[in-house]
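Please read the structure below before turning to the comments.
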Amino acid sequence: MSSLFLFLPIALVVVTLQATVMHHLSLGSARPDLIIISLVLWTMSTGRDRALLPAILMAPLFDAVAGLPLGVSVVPLLIVVLIASIGERTLFGARLGWPIFAAFTASLAAGAITLLELRLLGWRTPWTDLILRILVPSALLNAFLVFLIFIPVEYLRSRRSFGLG
Amino acid sequence: MRVLRSRPLILLFVVVGAFVIMFLDAGGQMGPFNDAIQRLLRPFDIAFTEARSDLAEMLSTARDLRTLRRENSELQALVERLTVENLELAEVRAENEKLRAFLAFAQVNPTYNFRGGQIIARAIGVKASPYADTLQIDLGAEHGIRLGMPVVTDRGLVGRIAEVFSNSSTVLLLSDPNSSINVMTQSSRAPGTLNGRAGQDPVMDFIPPDMKVAVGEIVITSGLGGNFPKGLVVGQITEVLHSDNQPFQRAVVRPTVDFDRLELVLVITSFTPYDTAGEPAISSFLTPTPAPTP
């Protein structure tokens, strides 16, 4: 229960930032997804189990602000956590490579599942346009933002580990 | 967390529950829960809106001051004060102009009833998801907003109300792939259906092959179907798509409204549906964007 009280404000802030700020960072049709980015980084920092609750909490909040049917984002965000938690430092030796790859893959998977669910609910989902113009560019943008965020975070962590931070 | 780790069945329960909620919500059964979430997010939304606005003002002020300091350091303090005042006045003037434009819109269209509200959607859900072009406004069922009501600005049509909560609503933008609007070109009177597209400008479909449409023509709502008032400006044709194996013509339409810069919108709460027997009357409240020279 204490975790709920801790994560709920964080989830609210992340979702509100996604709704208020992130669309200003759009590049063409590519739209950044702070929720996926934060979940990928959170999973890598704390592990899968500690990232599941934020994912479950953020999903309905995000659905509400995004005009999506409630519950649509639950499975995609759980998939993001699962992808970010597998293969860390086994597929890639480098520390930076895996977060970028995970963010890209998780964004693709989450987007594809979201679209499948929306199709299931009767939404119009022009696959070619959505995949080529939205899904792939957005996944690339998310991966790039993870790259930008990961470097200073990693730098600060390394300084702290050496007792300099 | 320990519970989640030791009992993976709970995750299965969450997934199944998500699907149940999803279908219930699609059937309109989750209204109160959805409404509660909207109420929960509202204070955050307002706080972030104000914070973002303050930050933008601060950044703008800092930029101005840097320039002014270079030009005349002696007047720095005075310029700082004047800059801040100027920014505030500019904000007031911009809002005043928008409200005047809306007032003119309402006066020219006396048959419509309007509900105007400041968009909190910039804070809570402007295209928050890549897969839904929506925004949130701070008017809901308590303010008389109902499903399907058209949403406009002085520049033209924004979309329609797709979901209504007690004190907020979701607007489906005309750029969303799920948006479909009956339209026609202003000068050639060619009818068609404007369909949103993912990541691209909307396209006007089903234009009769015998009608001539040209780049630069203004596209307006036709009023057919009774969902939108007739004559609302929608956009401008930027490309005409001809294809030998298509029975109809198509045209790419650039919306006149910049959805990323929306601050205020009007919700048309009632209007007289288009009488198909009557002679069309194009609204003159908008200044159409000049056609580009070929």
Side-chain angles (χ1 to χ4, degrees), chain A residues 3 8-9 12-13 15-24 26 28-33 35 48-50 52-53 56 59-75 78 111 114-115 117-118 120-135 137-138, chain B residues 1-2 4-5 10-11 14-15 17-26 30 33-38 40-41 43-45 47-49 51-52 120-136 162-163 165 170-172 176-180 195-200 260:
Chain A
S3 297
L8 190 59
L12 282 169
V13 169
V15 168
T16 314
L17 276 173
Q18 171 67 26
T20 56
V21 179
M22 296 309 283
H23 76 280
H24 291 292
S26 297
S29 59
R31 299 186 201 165
D33 195 325
I35 294 169
R48 182 186 64 192
D49 294 334
R50 293 186 70 83
L52 286 172
L53 188 57
I56 294 168
L61 299 175
F62 177 64
D63 290 338
V65 298
L68 296 171
L70 272 184
V72 161
S73 298
V74 173
V75 177
L78 289 178
T114 304
L115 291 175
E117 288 177 334
L118 291 176
L120 202 63
L121 292 171
W123 284 42
R124 199 183 297 166
T125 48
W127 290 100
T128 311
D129 280 351
L130 281 168
I131 290 171
L132 293 180
R133 294 180 183 276
I134 305 278
L135 191 56
S138 298
Chain B
M1 289 288 98
R2 197 169 295 155
L4 289 176
R5 187 163 48 232
I10 290 183
L11 275 183
V14 168
V15 171
F19 274 94
V20 171
I21 289 171
M22 208 164 74
F23 281 101
L24 284 176
D25 190 44
M30 295 299 292
F33 187 61
N34 222 332
D35 198 55
I37 292 178
Q38 295 286 345
L40 178 72
L41 287 165
F44 281 81
D45 156 42
F48 271 75
T49 308
R52 191 175 52 77
I120 55 173
R122 270 180 99 68
I124 168 173
V126 179
K127 298 181 178 179
S129 166
Y131 313 110
D133 277 1
T134 59
L135 58 85
Q136 306 286 121
E163 210 168 359
F165 308 103
T170 302
V171 179
L172 183 72
D176 188 275
N178 290 282
S179 170
S180 192
N195 294 314
R197 293 192 297 177
Q200 303 168 84
D260 290 330

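Numbered from 1 within each chain, the chains take letters A, B, ... in sequence-line order. The figures that follow rest on heavy atoms only: side chains count, while hydrogens, waters and symmetry mates do not.
Using a 4.5 Å heavy-atom threshold, the side chains of Y131(B) and T125(A) count as separate. The shortest distance between side-chain heavy atoms of F23(B) and L120(A) falls below 4.5 Å. L121(A) has its side chain out of reach of D25(B): every pair of non-hydrogen atoms, C-beta onward, lies at least 4.5 Å apart.
Proximity to chain B (any heavy atom under 4.5 Å) is restricted, for L118(A), to the side chain, taken from C-beta onward. With a 4.5 angstrom heavy-atom cutoff, P32(A) does not touch chain B via any of its atoms. Only the side chain of F19(B) has a heavy atom closer than 4.5 Å to any heavy atom of chain A. For I134(A), the part lying under 4.5 angstrom from a heavy atom of chain B is the side chain only. Heavy atoms of L61(A) lying under 4.5 Å from chain B belong to its backbone as well as its side chain. If you measure heavy-atom distances from S180(B) to chain A, the contacts under 4.5 Å come from the side chain alone.
Listed for the R124(A) side chain is a donor-acceptor partner under 3.5 Å among the backbone atoms of P177(B).
Contact between I37(B) and A64(A) at its shortest, heavy atoms only, is CG2-CB, 3.3 Å. Heavy-atom minimum distance, G67(A) versus T170(B): CA-CG2, 4.0 Å. Of all non-hydrogen atoms in P130(B) and S138(A), the two that sit nearest each other are CB-OG, 4.4 Å.
If you tally non-hydrogen atom pairs under 4.5 Å between each of L115(A), D33(A), V13(A) and chain B, the highest count goes to L115(A).
Distance CZ/R31(A) to OG/S129(B): 7.5 Å, rounded to 0.5 Å. L70(A) CG to N34(B) CG: the interatomic distance, rounded to the nearest 0.5 Å, is 4.0 Å.
The local environment of CZ in F33(B) is sparse, with at most 12 non-hydrogen atoms from other residues, nucleotides or ligands closer than 6.0 Å.
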